[in-house]
Amino acid sequence: MQERTLSIIKPDGVARGLIGDVVKRLEQAGLRIKGMKMIRMSKEQAKGFYKVHEGKPFYESLTDFMSSGPCVVMVLEGENAIEKYRKLMGATNYEEAEEGTIRKEFASDIEKNVVHGSDARETADFEIRYFFSELDIVSY
Ligand code: UDP
Ligand code: MG
């Protein structure tokens, strides 16, 4: 089933020069990049994006971090794209992530874990619309 998911290279990933490494893995996995831009979220935008986590102990720190510098946001498309990309990312906590995953390879902090990926159809839809209009998504 063709589906879309939202990927973010978080501020730590951009600052550490990991854009190329992440993009290379997406391309090699056959995930098509159909939208891509660099953004800098305000604190309010970060809070809206992570609204599902409102009230959790890490919410304030996470939204400070996500608005602390530029991110690269991408719309990925492909067969089973949501699960495929979650597998490439690895577990939220890098210590529990499988060998070879982006987080295992590059992260060393549970918060600053290099990448974001949508976790279901409904969240992917919300998250893509949060950053992209349909006109920004290229068909090819
Ligand atoms: N996070 C954190 N501490 C936690 C859990 C999550 O700092 O105990 C951060 C981390 O950056 C994570 C983000 O909050 O990527 C969103 O959490 P979620 O559980 O949705 O993890 P993800 O879907 O990113 O794997
Ligand atoms: Mg999540």
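Whatever order the structure lists ligands and atoms in, that order sets their numbers, starting from 1.
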Positive for side chain to side chain contact (heavy atoms under 4.5 Å, CB included) with V114, one of I8, I102, D21, V14 | I102
Going by heavy atoms in the side chains, are E77 and E3 under 4.5 Å from each other?
-> no
Which atom pair, heavy atoms only, marks the closest approach of S118 to I82?
-> O-CG2, 3.6 Å
Just jot down the salt bridge (Lys or Arg N to Asp or Glu O under 4.0 Å) partners of E54, sequence neighbours excluded, or say none.
-> K51
Sequence-distant partners of F131, ring pair (Phe, Tyr, Trp, His ring centres under 6.0 Å), two or more places apart | F49
For ligand 1, what are the residues with a heavy-atom contact below 4.0 Å?
-> K10, Y50, H53, F58, L62, R86, T92, R103, I110, E111, N113
Extract all donor-acceptor atom pairs below 3.5 Å that involve side chains of residues 132-140 and protein atoms in other chains or at least two apart in sequence.
residue : atom : partner : partner atom : Å
S133    : OG   : L135    : N            : 3.0
E134    : OE2  : R4      : NH1          : 3.3
D136    : OD2  : S133    : N            : 2.9
Y140    : OH   : I33     : O            : 2.6

